[in-house]
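Worksheet: one structure, shown below.
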Amino acid sequence: MKRWIGVVSAALMVFAAMPAQAADKVVLMLNWYVYGEHAPFYYGKAKGIYAAEGIDLEIQEGRGSAATTQAVAAKTADFGYVDVPTMMRAAIKGAPVVATGVLLQTSPMSAMGFADKNIRKPEDIKGKTVAITPADSMTQIWPLFLKKTGLKESDFQTVAGDGQTKLNAVINGQADLLLGYVMDQSMKIKDATGKDVYPIKFADYGINMVSSGIIANTDYVKANAELVRRFMSATTKAVEAAEKEPKAAAQSILDANPKGGKIDTLTQGFELTIPLYRTAETKSKRPFQVTDQNMTDSVNLMVEYGGLDAKAKENPKAFYTNDYLPKSGS
């Protein structure tokens with residue numbers, strides 16, 4: 001008996017001395033430089049949500065959704081957080097990428113200007129100057145907004161430039177509005193000027209299409225199915241936790257990147273993002289649970305107005321999967 005106890009004790013000592021299983025290193029590349037929309041990823045890392053799933057998360061800033069999609073396709077990043085319609089354009093041309101979760105299910109696109117200019121509805125755009133960035137996602141959908149609202153291009157003037165030029169045009173008074181995301185460019189303008197911005201949201205005029213989501217390389221997903229499930233589980237929990245504590249979530253950005261912005265506008269930007277997570281159909285569901293109809297409608301809009309190849313309409317499900325998302329309550 002003593003010998004048996006000794007053997008068991010020795011085995012327990014050996015087991016205790018064994019190193020804990022190393023967490024899986026995962027690289028998530030964002031769509032752009034950090035802003036309020038990205039709060040859940042930083043919050044999830046700071047609160048140990050990814051670590052609890054056995055994931056050692058590294059968050060990298062991006063330089064646009066197209067560049068991040070390329071990085072994921074080339075396997076230089078494990079996951080990307082990108083504009084899903086931008087990913088669709090790459091996928092239809094052969095890039096091996098798929099969305100493993102669509103987070104923003106309502107479009108953040110808008111035409112925005114200083115609130116004190118009282119530009120509140122499409123009719124108010126007449127006679128104004130709008131700053132655009134040619135060929136970006138918003139400019140491609142802009143003609144549909146005009147069609148839905150009865151505006152004509154002759155009703156206003158446009159000035160064109162890159163993202164920073166567009167911001168400067170509004171800040172310096174060379175343009176009355178710019179095309180931007182409600183939680184991104186509006187906060188940049190407020191940071192620079194201290195003035196509030198009012199967005200005329202495309203979604204309020206019947207333009208309902210998905211926006212940002214998590215993407216991965218299709219081969220990576222097949223080879224690492226269990227890791228993808230753990231990553232999507234952690235990210236779902238991170239989003240849910242951040243929704244409950246917006247300011248703390250925003251603060252986690254600054255804790256990781258002290259030059260990442262200002263706490264007030266990071267918080268406000270994240271709070272503007274939260275309503276975009278769900279549609280009327282998914283309001284009772286956990287984050288990322290996009291509907292087939294939403295994706296099909298988004299593909300159809302992209303084919304008609306966004307330059308997506310018409311063959312995309314043959315199989316919208318090729319662009320996304322909900323198979324790796326956690327079940328309710330898990």
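As a basis for the values below, the full set of heavy atoms in this structure was taken, side chains included, without hydrogen atoms, waters or symmetry mates. We're numbering straight along the sequence, starting at 1.
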Straight-line distance of [X] [atom1] to [Y] [atom2], nearest 0.5 Å:
{"X": "Tyr277", "Y": "Thr282", "atom1": "OH", "atom2": "OG1", "value": "12.5 Å"}
{"X": "Lys147", "Y": "Ile207", "atom1": "NZ", "atom2": "CD1", "value": "10.5 Å"}
{"X": "Thr193", "Y": "Asp196", "atom1": "OG1", "atom2": "CG", "value": "8.5 Å"}
{"X": "Gln157", "Y": "Gln174", "atom1": "CD", "atom2": "CD", "value": "12.5 Å"}

- Using the side chain to side chain contact (heavy atoms under 4.5 Å, CB included) rule, pick out the option among Asp176, Val170, Leu177 that qualifies with Phe114. Val170

- Take Lys166 and Gln185 through the side chain to side chain donor-acceptor pair (under 3.5 Å) test and state the conclusion after the steps. CA-CA 10 Å; Lys166 186 167 64 173; Gln185 285 84 359; over 6 Å; no

- Message: Could you check whether any side-chain heavy atom of Val72 comes within less than 4.5 Å of a side-chain heavy atom of Met29, counting everything from C-beta outward?
- Response: no

- Item | Distance flag, aromatic centroids of Phe79 and Tyr220, threshold under 6.0 Å | yes

Quiz question: by atom type and distance under 3.5 Å, do the side chains of [X] and [Y] form a donor-acceptor pair?
{"X": "Glu304", "Y": "Asn300", "result": "no"}
{"X": "Ser107", "Y": "Tyr181", "result": "no"}
{"X": "Asp255", "Y": "Tyr43", "result": "no"}
{"X": "Asn168", "Y": "Thr165", "result": "no"}

- Residue pair Asn31, His38: steps toward the side chain to side chain contact (heavy atoms under 4.5 Å, CB included) verdict: CA-CA 9 Å; Asn31 54 334; His38 303 137; 2.7 Å; yes

- Given Glu281 and Thr291, is the side chain to side chain donor-acceptor pair (under 3.5 Å) satisfied, shown in steps? CA-CA 8 Å; Glu281 291 73 31; Thr291 65; 5.5 Å; no

- Message: Would the distance check show the side chain of Thr68 and the main-chain N or O of Gly62 forming a donor-acceptor pair, the cut-off being under 3.5 Å?
- Response: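 Side chain of Thr68 to backbone of Gly62: no pair is present.
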
